[in-house]
Amino acid sequence: MHYTLKQLKYLDAAARHRSITGAAEEFSISPSSIAAAINAMEEQVSGALFVRHPSKGVTPTQYGQDFLAHVRGILEQHNQFEKSLGGVSSRLEGRVRLGCFAPLAPILLPIVMKTISIRYPTVSVEIAEGDTMEIIGMIANGELDLAMGYDYASAKNTKFSPLFDAPPHVALNAEHQLATRSVLDLEELRDEPMVLLNLQPTRDYMFGLFEERGLTPVIAHSSKSSELVRALVASGLGFSIFNVRPLRKQTYVVGDIVRIPLRPGYQTPCFGFIYRDEKNLTRVEKALIKTCEELNLDGVFKRVLVQ
C-alpha cells in the first residue's frame with residue numbers, strides 16, 4: 001500500500017469536518033485535492049471510506065471509521081517523532097572560536113561565559129586574546145569565528161554587530177588635585193604626564209582624542225598591559241584614559257584610582273562583535289551574539305562604564 005502523510009492528514013480532516021470543503025479550508029487548498037486523496041486511498045483499499053452526501057458533506061463508513069482509527073494512530077506517532085527530533089535539534093551543541101581585545105577579556109568574558117555555560121552547557125568556547133589588529137587578522141585568516149572589540153578597529157571584508165557605546169573616561173591617582181571633579185576636559189590634563197595603553201589601534205584612538213582639540217599628550221610611561229597601566233596610575237605616575245572599567249574595585253600595591261568621565265562630545269567607540277563579511281553565522285555563533293545582546297538589554301554591560 002502506498003500513501004503519503006499528506007493524504008492521511010486530508011482524510012483525517014475530511015472526517016473531522018464531515019466535509020470536503022471544510023477540510024480544504026483547513027489546509028488552504030482546493031476541495032478537489034481533498035477529494036483526490038480520498039479517491040486514491042479508496043482505490044488502494046478497494047472499499048468506500050466515506051459516504052458522499054450531495055451538498056451535505058461526507059461521513060465515514062464503518063470500514064472508514066476503522067481505517068481512520070489506524071490513520072490517526074500513524075499521525076500521532078509521526079507527531080511524537082517530530083517532537084523528539086525537535087528536542088534534539090533545539091539542544092545547542094558545538095564549538096565557537098572567540099577572540100577578544102585583551103584588556104577587556106577579563107572584564108567582560110567571565111560574565112558572558114558564565115551565562116553561556118548555564119544556557120548552553122554543551123557549547124564549547126575557545127578563547128583567544130590579543131590586540132585588536134591581531135584579533136582582526138585571525139578573523140580574516142579564518143582562525144577565529146567571532147571577535148569582540150571596538151568598531152574603530154573593523155577592517156575591510158568584516159561586519160560589525162554593535163553591543164554598547166563606551167565613552168572615554170580619565171583614570172587618576174586618588175590624591176590628584178582633580179580627583180574630586182565630576183567631569184573633565186582634556187585641556188585640563190594637557191601638561192599632566194600620561195600613562196599610555198600602547199596597543200594598536202588604541203594608541204591612535206587616544207592620540208586622536210587630543211588631536212581633535214589641538215593638543216599633544218605628554219607620554220611619561222607606556223605599557224601593553226592594561227593592568228600595569230592602572231597600577232602606574234594608582235601609584236601617581238600619571239593619568240590614563242579608558243573606555244571600560246573592571247566590575248569590582250581593585251586594590252593596588254601603591255595608591256588607588258578614581259575614574260572621572262570626559263565631558264560629552266569626545267569620540268566614543270562602540271563595542272561589539274566582528275566577523276567576516278561573507279561568513280554565514282552558525283546557530284552557536286548566533287546564540288553567543290544573542291546572549292550578549294540580552295545581557296546588554298538587561299543593563300549588565302552598563303556596569304563597566306563610567307557615566
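Residue numbers start at 1 and run along the sequence shown.
- Note: Phe101 and Tyr150 have perpendicular aromatic rings, judged against thresholds of 30 and 60 degrees for the angle between ring planes.
- A continuous path of hydrophobic side-chain contacts links Val58 to Ile38 [ILVMFWY only; heavy atoms under 4.5 Å].
- Distance CG/Leu281 to NZ/Lys290: 14.0 Å, rounded to 0.5 Å.
- Not counting sequence neighbours, the partners of Phe27 by the ring-ring contact (aromatic ring centres under 6.0 Å, His included) test are Tyr10.
- At distances below 3.5 Å, at least one donor-acceptor pair connects side-chain atoms of Gln7 with backbone N or O atoms of Thr4.
- Of the possible donor and acceptor atoms, one in the side chain of Tyr266 sits under 3.5 Å from a partner among the backbone N and O of Leu186.
- Checked by atom type and distance alone, the side chain of Asp298 never pairs as donor or acceptor with a backbone atom of Val300 at under 3.5 Å.
- In this view, Ser161 satisfies the side-chain hydrogen bond (donor to acceptor under 3.5 Å, both in side chains) rule with no residue, not counting sequence neighbours.
- One N or O on the side chain of Glu134 and one on the backbone of Asp131 form a donor-acceptor pair closer than 3.5 Å.
- A donor-acceptor contact shorter than 3.5 Å links the side chain of Thr291 to the backbone of Ala287.
- The shortest distance between side-chain heavy atoms of Ile74 and Tyr3 falls below 4.5 Å.
- Going from atom OG1 of Thr282 over to atom CG of Leu288 covers 9.5 Å, rounded to the nearest 0.5 Å.
- The pair Glu126-Arg95 meets the salt-bridge criterion, since a charged nitrogen lies less than 4.0 angstrom from a carboxylate oxygen.
- No donor-acceptor pair under 3.5 Å is formed between the side chain of Asn198 and the backbone N or O of Lys224.
- A donor atom on one side chain and an acceptor atom on the other are not found under 3.5 Å apart for Ser223 and Ser225.
- Tyr120 does not carry Arg283 over the face of its six-membered ring by the limits of under 6.0 Å from the centre and within 45° of the normal.
- Under a hydrophobic-cluster definition in which Ile, Leu, Val, Met, Phe, Trp and Tyr are linked whenever side-chain heavy atoms come within less than 4.5 Å, directly or via other members, Ile260 and Leu305 are assigned to the same cluster.
- Nearest heavy atoms, Pro246 versus Arg259: CD-NH2, 3.5 Å.
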(request) May I have the step-by-step check of side-chain contact (heavy atoms from CB on, under 4.5 Å) for Lys159 and Arg276, ending in yes or no? (result) CA-CA 6 Å; Lys159 284 185 177 179; Arg276 291 190 304 280; over 6 Å; no
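- Linking ILVMFWY side-chain heavy atoms closer than 4.5 Å, directly or via other members, places Leu189 and Val218 in two distinct hydrophobic clusters.
- One distance of note links CD of Glu293 with NZ of Lys286; it measures 12.0 Å at 0.5 Å rounding.
- For Gln250, the CD atom counts as densely surrounded, since its 6.0 Å shell holds more than 12 non-hydrogen atoms of other residues, nucleotides or ligands.
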(message) Under the criterion salt bridge (charged side-chain N to carboxylate O under 4.0 Å, His left out), I'd like the reasoning laid out for Asp12 against Arg72: C-alpha separation, chi angles, the key distance, then a yes or no.
(response) CA-CA 7 Å; Asp12 175 59; Arg72 286 163 183 155; 2.7 Å; yes
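- Of the possible polar contacts, one joining the Thr61 side chain to the Ala48 backbone as a donor-acceptor pair under 3.5 Å is found.
- For the atom pair NE2 (His169) and OG (Ser240), the distance works out to 8.5 Å, reported to the nearest 0.5 Å.
- Atom CG of residue Leu232 and atom NE2 of residue His221 lie 6.5 Å apart, to the nearest 0.5 angstrom.
- Distance alone, capped at 3.5 Å, places no donor-acceptor pair between the Asp151 side chain and the Pro269 backbone.
- Residues Val244 and Val306 do not share a hydrophobic cluster, clusters being chains of Ile/Leu/Val/Met/Phe/Trp/Tyr side chains in contact below 4.5 Å.
- Counting only distance, with no hydrogens or angles, the side chain of His17 and the backbone of Ser19 share no donor-acceptor pair below 3.5 Å.
- Counting all heavy atoms, side chain and backbone alike, Ile135 lies closest to Ala147 at CG2-CB, 3.1 Å.
- Between Leu109 and Leu98 the shortest side-chain heavy-atom distance falls below 4.5 Å.
- Residue-environment remark: CD (Glu43) stays at or below the threshold of 12 foreign heavy atoms within 6.0 Å.
- The shortest distance between side-chain heavy atoms of Phe239 and Val233 does not fall below 4.5 Å.
- Electrostatic pairing of Arg119 and Glu294 counts as a salt bridge here, judged by a charged N lying under 4.0 Å from a carboxylate O.
- Nearest heavy-atom pair across Leu262 and Val183 is C-CG2, 3.8 Å.
- Distance alone, capped at 3.5 Å, places no donor-acceptor pair between the Glu76 side chain and the Gly73 backbone.
- Between Val96 and the options Ile116, Ile289, Asp145, Leu144, a side chain to side chain contact (heavy atoms under 4.5 Å, CB included) holds for only Asp145.
- Counting heavy atoms from C-beta outward, Pro201 and Met133 have side chains that approach closer than 4.5 Å.
- Here the closest non-hydrogen pair linking Thr268 and Tyr205 is CA-OH, 4.4 Å.
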(message) Applying side-chain contact (heavy atoms from CB on, under 4.5 Å) to Arg181 and Glu188, what does each step give before you reach the verdict?
(response) CA-CA 11 Å; Arg181 295 284 298 279; Glu188 299 173 89; 2.4 Å; yes
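- Salt bridge status for Glu42 with Arg52: present, with a side-chain N to carboxylate O gap under 4.0 Å.
- Shown here for Glu129 and Pro106, the closest heavy-atom pair between the two residues is OE1-CD, 4.5 Å.
- Annotation: side chain of Pro168 is in contact with side chain of Leu209 (closest heavy-atom distance under 4.5 Å).
- Taking the side chain to side chain contact (heavy atoms under 4.5 Å, CB included) definition, one finds that Ser226 meets it with Pro103, Leu197, Arg230, Phe242, sequence neighbours left out.
- To the nearest 0.5 Å, atoms CZ (Phe210) and CE (Met206) are separated by 9.0 Å.
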(message) Test side-chain contact (heavy atoms from CB on, under 4.5 Å) on Ile241 and Met194; report intermediate values, then the result.
(response) CA-CA 9 Å; Ile241 298 175; Met194 180 178 182; 4.3 Å; yes
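- Under a hydrophobic-cluster definition in which Ile, Leu, Val, Met, Phe, Trp and Tyr are linked whenever side-chain heavy atoms come within less than 4.5 Å, directly or via other members, Met138 and Ile274 are assigned to different clusters.
- Using a cut-off of 4.0 Å between Lys/Arg side-chain N and Asp/Glu carboxylate O, Lys249 and Asp256 are scored as salt-bridged.
- Under the 4.5 Å side-chain criterion, counting only non-hydrogen atoms from C-beta, Tyr63 is not in contact with Leu68.
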(message) Walk me through whether Met148 and Leu163 qualify under side-chain contact (heavy atoms from CB on, under 4.5 Å).
(response) CA-CA 10 Å; Met148 300 180 76; Leu163 279 176; 4.1 Å; yes
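- The shortest distance between side-chain heavy atoms of Leu172 and Leu184 falls below 4.5 Å.
- Closest approach of Ile139 and Leu146 over heavy atoms only: CD1-C, 3.6 Å.
- Between Leu108 and Phe301 there is a side-chain heavy-atom pair separated by less than 4.5 Å.
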